2 protein chains.
Amino acid sequence: MSRKAPTIHDVALRAGVSPATASNVVNGNRPVGEESRARVLRAIAELGYRPNHLAAALRAKRSRLIGVAVPEISNPFFASLVHGLEEQAAASDYELVLVSTGEDGAAERRRIEALIDRQIEGLIVVPSRDDSFSALREKRGRALPPAVLVDRGCESPGVDTVGAECAAGAYAATRHLIELGHRDIAALTPSRHLANIRARIDGYGRALAEADLSARARVCVGGQHIDALRGAIEQDLHRADRPTAIFALTNVAALAAIKAVRALGLDIPGDVSIVGFDDFDWMCALRPYLTTVAQPVDEFASSAWRLLMQRLSGAAKEDDVRIELPCALKVRESTGPARPRLKIAAGA
Amino acid sequence: MSRKAPTIHDVALRAGVSPATASNVVNGNRPVGEESRARVLRAIAELGYRPNHLAAALRAKRSRLIGVAVPEISNPFFASLVHGLEEQAAASDYELVLVSTGEDGAAERRRIEALIDRQIEGLIVVPSRDDSFSALREKRGRALPPAVLVDRGCESPGVDTVGAECAAGAYAATRHLIELGHRDIAALTPSRHLANIRARIDGYGRALAEADLSARARVCVGGQHIDALRGAIEQDLHRADRPTAIFALTNVAALAAIKAVRALGLDIPGDVSIVGFDDFDWMCALRPYLTTVAQPVDEFASSAWRLLMQRLSGAAKEDDVRIELPCALKVRESTGPARPRLKIAAGA
DNA sequence: GTGAAAGCGCTAACAT
DNA sequence: ATGTTAGCGCTTTCAC
C-alpha cells in the first residue's frame with residue numbers, strides 16, 4: 001500500500017485554490033476561471049486524484065445508484081432486462097446495485113430494504129408478487145425512493161409500471177393454435193397469482209371462448225420449479241384425452257413442456273404443438289424452432305429507465321404512469337396442424 | 001414527503017443514550033448493557049430508524065459493496081456467474097454493483113474505474129482481455145482494491161484467479177470426436193487472444209496430434225459477433241473437404257455453429273457433429289441435445305467469493321492464488337459417428 | 001469568480 | 001459499559 005489516496009483538499013492545496021473551487025472544476029456546479037481551472041486540472045493529473053463518490057453522495061444526497069431487483073438473474077428474460085438497464089445506466093453515469101429475490105416474498109423484502117438503506121436514488125423491480133410493493137410501502141411509510149415496477153405488479157397504485165399486453169399476446173397465440181385445428185389446448189403456468197399471468201390466461205380463455213371451446217379449457221398450474229412444472233404437464237399428457245397443444249405461459253414453463261413431451265416420446269409438433277413465452281437466441285437454434293410470444297424486453301428496460309429518470313428529475317406528474325408494450329407472436333416450427341391422438345408410448 | 005428520516009442521533013436522543021451506544025446496538029461493535037440496548041431498540045422501532053449505509057461506509061471505510069464486471073450479462077454463462085455471486089453476497093451482507101463491459105477494452109476501463117470511485121471493497125471481473133487488469137493497475141498504481149479474475153486473465157500477476165481446466169476439457173471433447181471416427185474436426189472460436197481459449201485450442205491440438213491428425217487441424221476464428229462466427233464456419237462448411245465435426249469453443253460459437261449447419265441443410269449429428277462449451281438448461285431441451293464441455297460455473301462463483309473474502313479479511317498470504325476447476329464432458333446427442341461426406345445442398 | 005466554514009450521518013478513538 | 005469528540009471526503013451556503 002502506498003500512502004492514502006489524495007482528496008480534493010490535496011488537489012486544492014497543490015493548485016493553490018480552495019476546495020470549493022476544486023470541487024467546482026471536477027463537477028462543473030459553478031463556473032470557474034480559466035486560470036484556476038487549468039491549475040486544478042494539472043494538480044488532479046499530477047496527484048492522480050479520483051473523487052470519492054461515497055462522500056459526494058453523502059453530502060449531496062445523490063448516490064447515483066439505482067437498485068435493481070429481479071426474481072432470478074439466470075432466467076434469460078430477466079438477464080436481458082438487466083442487460084438493457086445496465087446499458088442505460090452506463091450512458092447516464094449511474095451504477096446498478098443488483099439483487100435477486102428468488103420469487104420469495106421475505107427474501108425480497110430484505111434485499112430491497114438493503115438496497116434502500118444504501119441510499120439508492122431509485123428502484124427498478126420485478127416483484128415476486130403483485131402486491132410486494134404495496135406491502136413494502138406499508139412497512140416503510142413514505143420513505144421509499146421513486147420506483148418502477150416491470151413485468152409484474154402492473155396495477156400497483158402509487159408507482160409507475162411497465163409491462164406487456166399479455167392478454168393480447170396470449171390471445172394471438174391461442175388463436176394460432178385454434179386455426180391449426182387444435183381443440184384441446186392446455187395452458188401451463190407456474191402459478192395463477194400474478195396479474196400478468198392471469199392476463200395471459202384471460203387471453204387464452206377469450207380465444208377459446210370465441211371458438212366455442214371454453215368447456216375444454218385446461219390450465220395446468222405447476223409451481224415455480226421446472227421439475228414440478230414438468231411433472232404437472234406430464235400427468236396431463238398421460239390422459240387419454242391429452243392435449244394436442246400446450247401453451248406455456250413463461251419461458252421456464254416452455255422448457256418444462258418441451259422436456260415433458262420429449263420424455264413421453266411424443267413428437268413436436270406432430271403429436272403436440274407448443275407455444276412458448278419470451279424469446280431469445282437459443283429458442284431458434286435447436287429443432288424444432290420454438291413458436292413463441294415475444295415480449296419486447298429491450299423496450300421494457302428503456303421505458304423503465306426513462307420513467308425512473310423522469311421521476312428523479314421531478315419532471316413527472318402526480319399520476320402513475322402505466323406503459324403497456326405489445327407482444328409479437330413468432331410462428332416457427334413447434335406448432336403444426338392438429339392430428340388425431342394415437343395411443344402414447346406405443347414404441348419408438 | 002414526510003419529514004426527513006431519523007438519524008442515529010435521533011435514536012440516541014430518544015433512548016437517552018449517546019450516539020456511540022446507539023451505534024453499538026445497531027452493529028454490535030462493542031457490548032452494550034441490557035438496559036440501554038432495550039431502550040435503543042425501542043427507540044429504533046418507534047422512530048422507524050434505518051441506518052444510512054453511505055455514511056457508515058464513509059466513516060468506517062467499509063462500503064460492503066463488491067464490484068462485478070462481466071463482458072455481457074445476457075450470455076447465460078455470465079448470467080449464471082452473477083447469479084452465484086449474488087447468492088454469496090446476500091449471505092454475507094454485501095451488495096453487488098454490476099457493470100457490463102461489452103468485450104471492449106476502453107468501456108471496460110471506464111466502467112471498472114467508476115466502480116472503484118464508488119469505493120467498492122473488492123472486484124470480481126471477467127476481463128475482456130487477459131492483460132486488462134495489468135493495464136488497469138498501470139493506470140491506477142497501487143490504488144486498486146482486492147480483485148479476483150474469473151474465467152479469463154488467469155495468468156495475470158498480482159491478482160487471484162479462478163478458471164477451468166480448459167485444455168483438459170477441450171482434449172476430452174476432441175478425443176470423443178476422434179473416437180467417433182472424425183478426422184476433420186474444425187474448432188470454431190471468436191478469437192485467439194484469450195488464454196483460456198488458447199488452452200482450449202491447445203487441448204484440441206494435443207488430441208489431434210496424438211491421433212496423428214495435426215495436419216488436419218483447422219481453427220476457424222470468427223469474431224465476437226454471432227453472425228460473423230456463423231459466416232466464418234459456413235464458409236468452411238462449403239468446402240469439399242468440409243469438417244465432419246465442429247468443436248465450438250464458447251457457447252456463442254456453439255450457437256453460431258448450429259445455425260450454420262442448419263442453414264446449409266445438414267443434419268446434426270448425421271452430417272456434422274457438434275460439441276459446444278458451457279452448459280445450461282436450454283441446451284438439453286430442443287433436439288438434438290447438445291454434447292458440450294461444461295464449466296463448473298457455480299463453483300466459479302463460490303471460489304471467487306471465497307478468495308475475495310480472504311483478501312478482504314487480510315487472511316490471505318502474499319502469493320497469488322490460482323484455482324483451476326475441472327470441466328465435465330457431457331455426451332449427448334449432437335455427436336455421432338463420422339460418415340463419409342456427401343455433396344451438400346443436394347436438395348431436400 | 002473565489003474562499004471559509006459548516007455539516008451530510010455515521011463510527012472510532014480516547015476518555016471515564 | 002458508556003459518553004465525548006473528532007473527523008471520513010465531499011458540497012454547499014454565505015460571504016466577499
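This one's a predicted model, so the numbers in the text were calculated from it and none came from an experiment. The chains referred to below are lettered A, B, ... by the order of the sequence lines, with proteins before strands, and numbering in each begins at 1.
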(Q) Can you tell me if B:S36 touches the phosphate of D:dT2, counting only side-chain N or O atoms and a distance under 4.0 Å to OP1 or OP2? (A) yes
Q. What closest approach, in Å, do B:P127 and B:V150 show between heavy atoms, and which atom pair accounts for it?
A. CD-O, 4.0 Å
(Q) I'd like to know if the side chain of B:S156 reaches the main chain of B:D130, judged simply by a donor and an acceptor atom lying under 3.5 Å from each other, with no hydrogens or angles considered. (A) yes
Q. How does each nucleotide of nucleotides 10-15 of chain C score, in 5' to 3' order, for protein heavy atoms under 4.0 Å: base (B), sugar-phosphate only (S), or none (-)?
A. BBB-B-
Q: Starting from C1' on D:dG3, measure out to CG on B:L13 and report it in whole angstrom.
A: 14 Å
(Q) On the nucleotide C:dT2, are OP1 or OP2 found under 4.0 Å from the side-chain N or O atoms that A:S18 carries? (A) no
Q. Would you say the side-chain atoms of A:R64 pair up with the backbone N or O of A:S92, donor to acceptor, closer than 3.5 Å?
A. yes
Q | Whole-Å distance separating the CG atom of A:D10 from the P atom of D:dC8 | A | 11 Å
(Q) Can you work out whether B:E34 or B:L58 has the more 5'-proximal nearest nucleotide on DNA chain D? (A) B:E34
**Q.** For B:A79 against A:I73, the heavy-atom pair lying closest together
**A.** O-CG2, 3.9 Å
(Q) Tell me the interatomic distance from A:L47, atom CG, to D:dG9, atom P, rounded to whole angstroms. (A) 14 Å
Q.
Nearest 0.5 Å, please: how far is CG in B:L85 from OH in B:Y94?
A. 13.5 Å
Q: Using whole Å, report how far CD of B:Q119 lies from C1' of D:dG9.
A: 9 Å
Q: Report the distance from atom CZ of A:R39 to atom P of C:dT2, rounded to the nearest whole Å.
A: 10 Å
(Q) Please report the distance, rounded to the nearest Å, between CG in A:L54 and C1' in C:dC8. (A) 12 Å
Q. Could you give the angle between the helix axes at the two ends of the helix from C:dG1-D:dC16 to C:dT16-D:dA1, with five pairs per end, rounded to 10 degrees?
A. 30°
Q.
Set out, in order, the CA-CA distance, both residues' side-chain angles and the distance that settles side chain to side chain contact (heavy atoms under 4.5 Å, CB included) for A:D151 and A:F78, then state yes or no.
A. CA-CA 10 Å; A:D151 186 42; A:F78 300 133; 4.0 Å; yes
Q: Output yes when at least one side-chain N/O atom of A:T21 is less than 4.0 Å from OP1 or OP2 of C:dT2, else no.
A: no
Q. Is A:R140 salt-bridged to A:D117, cutoff N-O under 4.0 Å?
A. yes
Q | B:S134: side chain to side chain donor-acceptor pair (under 3.5 Å) partners, not counting sequence neighbours | A | none
Q: Please check the phosphate of D:dC8 (OP1 and OP2 only) for any side-chain N or O of A:K4 closer than 4.0 Å.
A: no
Q. Taking C-beta and beyond as the side chain, do A:R14 and A:Y49 meet within less than 4.5 Å on heavy atoms?
A. no
Q.
Let's see if you can work this out: which of C:dG9, D:dA1, C:dT2 has an atom nearest to the side-chain heavy atoms of B:P31?
A. D:dA1
Q. Between A:K61 and D:dT11, is there a side-chain N or O to OP1/OP2 distance below 4.0 Å?
A. no
